[in-house]
Amino acid sequence: MASRRGNAKTQLQSDKYSVLLPTYNERENLPLIVWLLVKYFGESGYNYEIIVIDDGSPDGTLQIAEQLQKIYGSDKIILRPRAQKLGLGTAYIHGIKHATGNFVIIMDADLSHHPKFIPQFIEKQKEGGYDLVSGTRYRGDGGVYGWDLRRKLISRGANFVTQVLLRPGASDLTGSFRLYKKEVLEKLVERCVSKGYVFQMEMIVRARQLDCTIGEVPISFVDRVYGESKLGGNEIVSFLKGLLTLFATT
Amino acid sequence: MSHHTFRHRGVIKVRCLVESGELALCAAGGFCHFYFTLLCPIILCTMTKLLEWVFGVSLIGIAWGLVTFDLLDLQLPPRYKEVAWPMPIYLLVVFGCYSLATVGYRVATFNDCEDAAQELQAQIKQAKDDLKKKGLKM
């Protein structure tokens with residue numbers, strides 16, 4: 001009896017969390033996000049590693065990453081760069097191959113996602129044994145900073161249309177701050193064919209198809225690059241095209 | 001004698017026809033039962049969202065058509081027809097109002113994370129100082 005309890009405890013303590021950070025021109029932000037990750041993982045005591053997947057950034061992101069590796073240790077900071085910008089899906093595949101954890105956390109490296117939510121993701125996952133935990137900006141305390149009315153309207157409007165058409169069972173589909181079980185992420189990335197915002201949506205939709213359980217944690221999204229708005233007419237059109245494709249094929 | 005046999009054979013033929021008709025009905029009934037209890041759920045589970053919508057809208061459309069245009073001669077009271085006839089437009093308008101109200105409410109109650117932004121600024125400063133101490137050359 002005691003030995004079984006002992007085994008259960010070591011099972012929990014052998015959970016390791018691999019954080020995938022695809023970067024492109026994040027010379028300024030990379031040290032900050034790594035510092036925050038180390039801080040919050042250190043405080044919470046969970047076992048972790050950070051995998052930086054740099055797509056040949058011309059601004060020297062890789063050099064900064066190497067310095068960080070010297071500071072924090074090459075068991076905590078792992079570099080797996082690629083020669084050129086090859087897209088998010090392939091970055092995840094590449095990262096998973098080198099991940100030694102049994103859980104994978106994906107997030108943006110531009111400080112819009114704050115690592116303080118990661119312990120909450122982990123707790124939520126343990127609470128429900130979820131296959132994936134998604135950060136949501138649209139429920140509970142979740143929210144955004146730095147969005148004007150136009151941006152909010154487009155975001156909520158698009159989310160409403162997505163909910164009506166796809167009925168996905170998750171409130172935030174285009175968010176990219178998530179915790180996955182490693183084998184679940186592998187299965188899903190294999191099956192997804194879209195790019196950009198739609199890729200993140202497709203992951204959730206496919207997860208639903210495969211009967212994966214999804215948990216949600218409210219997060220705050222601090223948009224510091226809203227000056228260079230990434231939401232022009234082209235983005236909206238490609239989002240709608242992707243949405244209709246998912247509607248007709250899943 | 002032959003007349004009697006002929007009639008007897010005729011009765012047998014009719015009986016066979018009736019029996020085969022019954023068999024056919026049983027087969028049809030069996031197939032319908034199979035379809036609705038087994039195949040339908042399987043088809044529904046593997047349908048795309050688009051097909052689900054097409055299916056649902058056709059069902060509603062057929063029901064509406066049956067009531068409004070009296071296609072099955074059901075002799076329903078005229079009240080039913082009066083109510084059913086404008087239903088599609090009415091439902092669309094209700095859905096439109098619901099959508100506007102929902103999206104409007106959600107935009108109005110979209111949380112603005114001022115605290116989070118300020119906390120981030122403070123932590124950025126902290127991080128830069130700490131990293132400089134640890135030897136990072138920015």
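The figures here come from the full heavy-atom set of this structure, side chains too, leaving out hydrogens, waters and symmetry mates. Order of the sequence lines fixes the chain letters, A, B, ..., with proteins taken first and strands second; residue numbering starts at 1 for each chain. If you're wondering where the values come from, they're calculated on a predicted model, not measured in any experiment.
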Spatial distance of atom CG (Asp115(B)) from atom CG (Asp141(A)) [nearest 0.5 Å]: 11.0 Å

Kindly indicate whether the side chain of Leu68(A), heavy atoms from C-beta on, has any atom under 4.5 Å from the side chain of Leu131(B). yes

OG1 (Thr48(B)) and CZ (Phe247(A)) are apart, to the nearest 0.5 Å, by 7.5 Å

Interchain contact, Tyr105(B) with chain A, by part (heavy-atom threshold 4.5 Å): neither

Tell me whether Leu59(B) at atom CG has more than 12 heavy atoms from other residues, nucleotides or ligands lying less than 6.0 Å away. yes

Out of curiosity, Lys134(B) NZ to Trp35(A) CH2, how far, rounded to the nearest 0.5 Å? 8.0 Å

Can you tell if the side chain of Leu36(A) reaches within under 4.5 Å of the side chain of Gln123(B), non-hydrogen atoms only? yes

Tell me, for Leu153(A) versus chain B, whether the close heavy atoms (under 4.5 Å) come from the side chain, the backbone, both or neither. both

Could you report the tightest heavy-atom contact between Leu136(B) and Pro31(A), atom names first, then the distance? CD2-CB, 3.6 Å

Around atom CD of Glu119(B), are there more than 12 heavy atoms from other residues, nucleotides or ligands closer than 6.0 Å? yes

Interchain contact, Ser220(A) with chain B, by part (heavy-atom threshold 4.5 Å): both

Looking only at heavy atoms, which two atoms of Lys152(A) and Val107(B) are closest? And how far apart? O-CG2, 4.0 Å

In terms of the angle between their ring planes, are Tyr138(A) and Phe110(B) parallel, tilted or perpendicular, with boundaries placed at 30° and 60°? tilted

Walk me through whether Val144(A) and Asn111(B) qualify under side chain to side chain contact (heavy atoms under 4.5 Å, CB included). CA-CA 6 Å; Val144(A) 284; Asn111(B) 286 334; over 6 Å; no

Rounding to 0.5 Å, atoms CD1 (Ile219(A)) and SG (Cys113(B)) come to a distance of 9.0 Å

Distance check, rounded to the nearest 0.5 Å: Leu51(B) atom CG versus Thr249(A) atom OG1? 11.0 Å

Applying side chain to side chain contact (heavy atoms under 4.5 Å, CB included) to Leu32(A) and Lys128(B), what does each step give before you reach the verdict? CA-CA 7 Å; Leu32(A) 305 172; Lys128(B) 284 189 175 157; 3.9 Å; yes

Atom CG of Leu111(A) and atom CG of Leu120(B): how far apart are they, to the nearest 0.5 Å? 5.5 Å

Under the criterion salt bridge (charged side-chain N to carboxylate O under 4.0 Å, His left out), I'd like the reasoning laid out for Lys39(A) against Asp130(B): C-alpha separation, chi angles, the key distance, then a yes or no. CA-CA 11 Å; Lys39(A) 173 180 152 85; Asp130(B) 192 34; over 6 Å; no

Measuring heavy-atom distances to chain B, does Val164(A) have an atom under 4.5 Å in its side chain, in its backbone, in both, or in neither? both

Below 4.5 Å, heavy-atom pairs only: which of Gly142(A), Pro218(A), Gly60(A) has the largest tally toward chain B? Gly142(A)

Would Arg106(B) count as a cation-pi partner of Phe160(A), with NZ or CZ less than 6.0 Å from the six-membered ring centre and within 45° of the ring normal? no

Identify which part of Lys116(A) has an atom lying under 4.5 Å from any heavy atom of chain B, answering side chain, backbone, both or neither. side chain

